[in-house]
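One structure is given here, and the rest of the page talks about it.
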Number of protein chains: 2
Amino acid sequence: MGHWFVTLDASLKARWQKAFPDAQSSTADVVEQHAKSGDLVWIASSVASWPTLTQRLVPMGLTVVILSYSPHDKEALKALDLGARGYVHTLAAVSVLEQVALVVSNQGIWVGQELLAKVIGGSFRALSQRTEAPANDYDDHLGVLTERERGVALAVARGATNKEVARQLDITERTVKAHLSAIFRKLSVRDRLQLMLKLSSTNERVVS
Amino acid sequence: MGHWFVTLDASLKARWQKAFPDAQSSTADVVEQHAKSGDLVWIASSVASWPTLTQRLVPMGLTVVILSYSPHDKEALKALDLGARGYVHTLAAVSVLEQVALVVSNQGIWVGQELLAKVIGGSFRALSQRTEAPANDYDDHLGVLTERERGVALAVARGATNKEVARQLDITERTVKAHLSAIFRKLSVRDRLQLMLKLSSTNERVVS
DNA sequence: TCTATTTCTGTCCATCGGTACAATATTTTT
DNA sequence: AAAAATATTGTACCGATGGACAGAAATAGA
């Protein structure tokens, strides 16, 4: 199994070479063309194209780990969502990187404990609601919305612009506005900011 | 690193003293006032106020483990959601308690394997990374801002419009815009929505 | 004292966001 | 079948937002 490093920061390469002496540091293109199935690819999130790169590499059978200088849950979730199998601090100790390599190359997923706790906590709400409370906080806010409106509301709650929502749902921006007007009226909020607050207050899952 | 025990059950104290001879058994108030950052606090779930106590202790930099006579998934998830880092049976073997202490005091999370398997379907590994530099998340995001910029950022994160912020801080709308421009640049966000997300993601306090 | 930082303000302008009028087609309910 | 709800798109209007140029006063540090 080979290791590949993708970064713009030259100072990182020395660090990584130390952790994995037989690793190769290269560009996105080179990795895409020469990496073999099963190889492990470490990508710095400072590489702007890391999401698309991840999306391309994962289907090729490569294992991707994202490294971030300022790890945060949202980016971690995005990384996992795109198929990455690990999310670590760029400056994690070499011993940690070795452990990460071990875990992810054996079908494991490596993620920080804060995120893990949140994921578990979020699942808890979903589970407990189904088992004992049919009327849940999901319905409290989003239940009055139609399926389509829910989709728009969630996209907006993630910070998307109207244009982005339109692209995501493959409808025109005008339609997004129409749905939003209905959402605002039904939920009694004045704009997308208040909508965001309303949803995030009781429905953390919108970020995942 | 000190150990603190919070319980109403006197019989537990002897047990815990055996596991951790240098530990202190005391009340919630005492712990809150004397425990130091990094200390490990064991709380029996028979203490009715354990959720609120956990919520107060975690932000203080304390590591919290909840002990339950009748462990169940729902309570465990609630504990984790509140920031506890471990959930164990009150009568777990002393050797187990020692392992728990080792894991949680090294940034790990301890939960029963049944729960872990149930919630995450076996795809996650309960390994954890030690994220160095535990600069708190407040400074992570807002530390680079000036005092005034922080005020503007927090107001906007609560969903206020520029006009409202201007009124609140008794400055012109133009000044609010100037501060916002600086905030966006410093925090690398494109607009107030992303700012909102960035702040609420790791700093729940701003929205509450 | 000089400099850098911070705070506050101005105008202009392009874009975004939301509403007010719409209309049409599809699906669901009665 | 008729009615209601849902999903879609259009034009026009206007306030909100954010950047592009600014400038000026106060404060803190060297």
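Protein chains get the first letters and strands the later ones, always in sequence-line order, with residue 1 at the start of each. Please read these numbers as outputs of a predicted model, since none were measured by experiment.
Taking 4.0 Å as the cut-off between side-chain N and carboxylate O, R192(B) and E164(B) do not count as a salt-bridged pair.
Remark: P of dA16(D) and CG of L193(B) are 16 Å apart, rounded to the nearest angstrom. For Q194(B) and dT17(D), the CD to P distance is 16 Å, given to the nearest whole Å. Following rounding to the nearest Å, E147(A) (CD) and dT27(C) (P) show an atom-to-atom distance of 16 Å. Taking atom CD on E149(B) and atom P on dT7(C), their separation rounds to 6 Å, with Å as the unit. As a whole-Å value, the separation of F184(B) CZ from dA20(D) C1' is 16 Å. The interatomic distance linking N162(B) (CG) with dG17(C) (C1') rounds to 13 Å, in whole Å. Atom CG of L169(B) is separated from atom P of dT9(C) by 11 Å (rounded to the nearest Å). At whole-Å resolution of the value, NZ in K163(A) and C1' in dA14(C) are 12 Å apart.
Contact detail for E75(B) and S45(B): the closest heavy-atom pair is OE2-CB, 3.4 Å.
Side-chain N/O atoms of R192(B) include one lying less than 4.0 angstrom from OP1 or OP2 on dG18(D). One finds no side-chain N or O of T146(B) lying less than 4.0 angstrom from the OP1 or OP2 phosphate oxygen of dT5(C).
For the residue pair T172(A)/T175(A), the side-chain donor-acceptor check at 3.5 Å is satisfied.
Taking a 4.0 Å limit (strictly below) on heavy-atom distances, residues 171-183 of chain A reaches DNA chain C at R174(A), K177(A), L180(A), S181(A).
Rounding to the nearest 0.5 Å gives a distance of 14.5 Å between CD1 of I183(A) and NZ of K177(A).
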Item to complete: Verify side chain to side chain contact (heavy atoms under 4.5 Å, CB included) between V156(A) and M196(A), making sure each step is shown before the conclusion.
Response: CA-CA 7 Å; V156(A) 167; M196(A) 198 180 235; over 6 Å; no
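Every residue was checked against the side chain to side chain donor-acceptor pair (under 3.5 Å) condition with T161(B), not counting sequence neighbours, and none meets it.
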